[in-house]
Amino acid sequence: MFSTTRIVQEKKQEILEQWRDAISQKKIIEKDTISASQFNLMGNTMNHPIYRHGRLPSAGTELPPAWHLAYFPPRVTEQDLSPDGFEQDWKPPAPFNHRMWAGGELEWNPENPLRVGEEAQMESSIRDIQFRPAGRRGDSVFIWVDKKISNDKGWVMTESRCWVYVQGTDGPASSSPPTTTPKPKKELPKADFSLDLTPSPILLFRFSALTFNSHLIHYDHIYSTTVEGHRGCLVHGPMSFMLMINELNKHLKATDENQYIKSLSYRCRSPLVINEPIQVQGKINSDVPGQYDVWVADHNGNMAVKGTAVVGRHGA
């Protein structure tokens, strides 16, 4: 049994190495206009205190951190998507057919933010590919893609996305939604800021529509529960990322208008499920100057998403 498993894993690695040689040279260049309408729709989706309802930003308004997610959508026809609805630009070969958001990083140029009315460009390329055998869902492939965004003044930001691709199941995971034993609750750190939120079907739908994300796992209950084996539809990884940045940015501006987020890295540790309450929180790291710990806690009080932000100050 051991030798057979090892032979299968070696074959998968051989196929991945061949794919790596081809995909490592690939670059995708996309262009978009930072429109006031998309800005406003993101404001309505995330319940921004100013740019919601019919309030559109004027030309030149600075895009809040991470709101670039409303731009550069995957411009893909349905027949070019995976069977469960995600774009396949960086998908590894079979049998790694299911995708989950594993984490990411974002670094900004504080002197050159995106602004409403600008033309912008995003260049995507592979940073790293890792084959990891025998994980929780069997063998998997972690893929890091760097997305460098620029405008006519130069570099604006680099967002790095990490996806994990896993093998599909042989058939439906279950005829009924799975039940799980809650993890033992660990004591969360005392937070400097906190947002209580219950992600609703409407919120997930609007975020999917705004980002042109057609992955079934976010809106098809039957698919998410019977094929992927989750308790329900899953909250988007980039939504968790954006919620952490939004709340940290509000906290920084409330305490010192000159503070700004220089970078943020995060890891998705466990899924967040629709209609289950979450807490978006963070606190300053007393041991590391200019650093914040941020996280999203699930309904059991465990850190489902964990991140680290580096903060700067204009004029410092």
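Only a predicted model underlies this, so the values are computations on that prediction, with no experimental measurement involved.
Atoms CG and CG, from N213 and L204 in turn, are 9.5 Å apart once rounded to the nearest 0.5 Å. Taking CG of L234 as the start and NE2 of H218 as the end, the distance is 7.0 Å to the nearest 0.5 Å. The distance from atom CH2 of W108 to atom NE2 of H68, rounded to the nearest 0.5 Å, is 8.0 Å. How far NE2 of H215 is from CD of E87: 9.5 Å, rounded to the nearest 0.5 Å. Between the CZ atom of R161 and the OG atom of S124 there is a distance of 7.5 Å, given to the nearest 0.5 Å. The distance from the CD1 atom of I261 to the CG atom of L252 is 5.5 Å, given to the nearest 0.5 Å.
Here the closest heavy-atom approach between residue L203 and residue P199 is recorded as CD2-CA, 4.1 Å. The minimum heavy-atom distance linking S35 with V116 is given by the pair C-CG1, 4.3 Å. The minimum heavy-atom distance linking A70 with Q38 is given by the pair O-NE2, 2.6 Å. Considering every non-hydrogen atom in both E30 and P73, the closest pair reads OE1-O, 3.8 Å. The two residues C233 and S224 come nearest to each other via the heavy atoms CA-OG, 3.7 Å. Heavy atoms only, all atoms of each residue included: S125 and W90 are closest at CA-CH2, 3.9 Å.
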Audit row: F72, F212, side chain to side chain contact (heavy atoms under 4.5 Å, CB included) steps and yes/no: CA-CA 9 Å; F72 303 104; F212 209 46; over 6 Å; no
Criterion side chain to side chain contact (heavy atoms under 4.5 Å, CB included) on L69 and E159, from CA distance to verdict: CA-CA 10 Å; L69 293 171; E159 182 194 358; 4.0 Å; yes
Residue pair K153, E118: steps toward the salt bridge (Lys or Arg N to Asp or Glu O under 4.0 Å) verdict: CA-CA 10 Å; K153 301 180 185 68; E118 289 184 337; 3.4 Å; yes
Test side chain to side chain contact (heavy atoms under 4.5 Å, CB included) applied to F39 and L63, step by step: CA-CA 8 Å; F39 187 118; L63 202 66; 3.4 Å; yes
Trace of the side chain to side chain contact (heavy atoms under 4.5 Å, CB included) decision for F96 with D139: CA-CA 8 Å; F96 303 102; D139 299 341; 4.1 Å; yes
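With H236 as reference, F207 is the one residue of F86, F205, F207 to meet the ring pair (Phe, Tyr, Trp, His ring centres under 6.0 Å) rule. Of the residues Q259, E257, H251, the one that meets the side chain to side chain donor-acceptor pair (under 3.5 Å) test with T255 is Q259. The residue from D196, V296, D298 that alone fulfils the side-chain contact (heavy atoms from CB on, under 4.5 Å) condition with Q279 is D196. Under the side-chain contact (heavy atoms from CB on, under 4.5 Å) test applied with V141, the options I129, V164, V166 reduce to a single match, I129.
Annotation: side chain of D32 is not in contact with side chain of M122 (no heavy-atom distance under 4.5 Å). Counting only heavy atoms from C-beta outward, the side chains of P93 and L16 approach each other to under 4.5 Å. Under the 4.5 Å side-chain criterion, counting only non-hydrogen atoms from C-beta, P238 is not in contact with T211. Contact annotation: the side chain of I126 approaches that of V145 to within less than 4.5 Å [non-hydrogen atoms, C-beta and beyond]. Side-chain contact check for R99 versus K91: every heavy-atom pair is 4.5 Å or farther apart. Between K250 and F193, every side-chain heavy-atom pair lies at or beyond the 4.5 Å cut-off. Side-chain atoms of H98 and V227, non-hydrogen and from C-beta on, do get closer than 4.5 Å to each other. Between W295 and K283, the closest side-chain pair of non-hydrogen atoms falls below 4.5 Å.
Counting heavy-atom neighbours within 6.0 Å of I28 CD1, excluding the residue itself, gives a total above 12. Around NZ of K306, the count of heavy atoms belonging to other residues, nucleotides or ligands within 6.0 Å does not exceed 12. The local environment of NZ in K148 is sparse, with at most 12 non-hydrogen atoms from other residues, nucleotides or ligands closer than 6.0 Å.
Checked by atom type and distance alone, the side chain of N151 never pairs as donor or acceptor with a backbone atom of A120 at under 3.5 Å. In this structure, the side chain of S214 engages the main chain of G85 through a donor-acceptor pair within 3.5 Å. Although no hydrogens or angles enter the test, the distance criterion places no donor-acceptor pair under 3.5 Å between the side chain of N44 and the main chain of N47. Remark: the backbone N or O of Q291 is not paired with any side-chain donor or acceptor of N285 at under 3.5 angstrom. In terms of modelled atom types and a separation under 3.5 Å, the side chain of N112 and the main chain of W155 share a donor-acceptor contact. For the pair T61 (side chain) and S58 (backbone), a donor-acceptor distance under 3.5 Å is present.
For the residue pair R127 / S160, a side-chain donor-acceptor distance below 3.5 Å is found, with atom types taken as modelled.
Ring geometry for W163 against W101 counts as perpendicular: the plane angle is over 60°, on a 0 to 90° scale with 30° as the lower cut. Ring geometry, W67 versus H48: the interplanar angle exceeds 60°, so the pair is classed perpendicular (tilted spans 30 to 60°).
Put simply, M100 and Y223 are part of two different groups of oily side chains (I, L, V, M, F, W, Y) that touch within less than 4.5 Å, one to the next. Note on L56: it does not cluster hydrophobically with L41, by side-chain heavy-atom contacts below 4.5 Å among ILVMFWY residues. F142 is not connected to I23 by any chain of hydrophobic side-chain contacts under 4.5 Å among Ile, Leu, Val, Met, Phe, Trp and Tyr, and they are in different clusters. Both I50 and I34 sit in one connected hydrophobic cluster of ILVMFWY residues. Membership requires side-chain heavy atoms under 4.5 Å apart, directly or through other members. By the rule that hydrophobic residues join a cluster once side-chain heavy atoms approach within less than 4.5 Å of another member, Y266 and W144 end up as members of separate clusters.
By the salt bridge (charged side-chain N to carboxylate O under 4.0 Å, His left out) test, K31 is found to be paired with no residue, residues two or more places apart in sequence or in another chain being considered.
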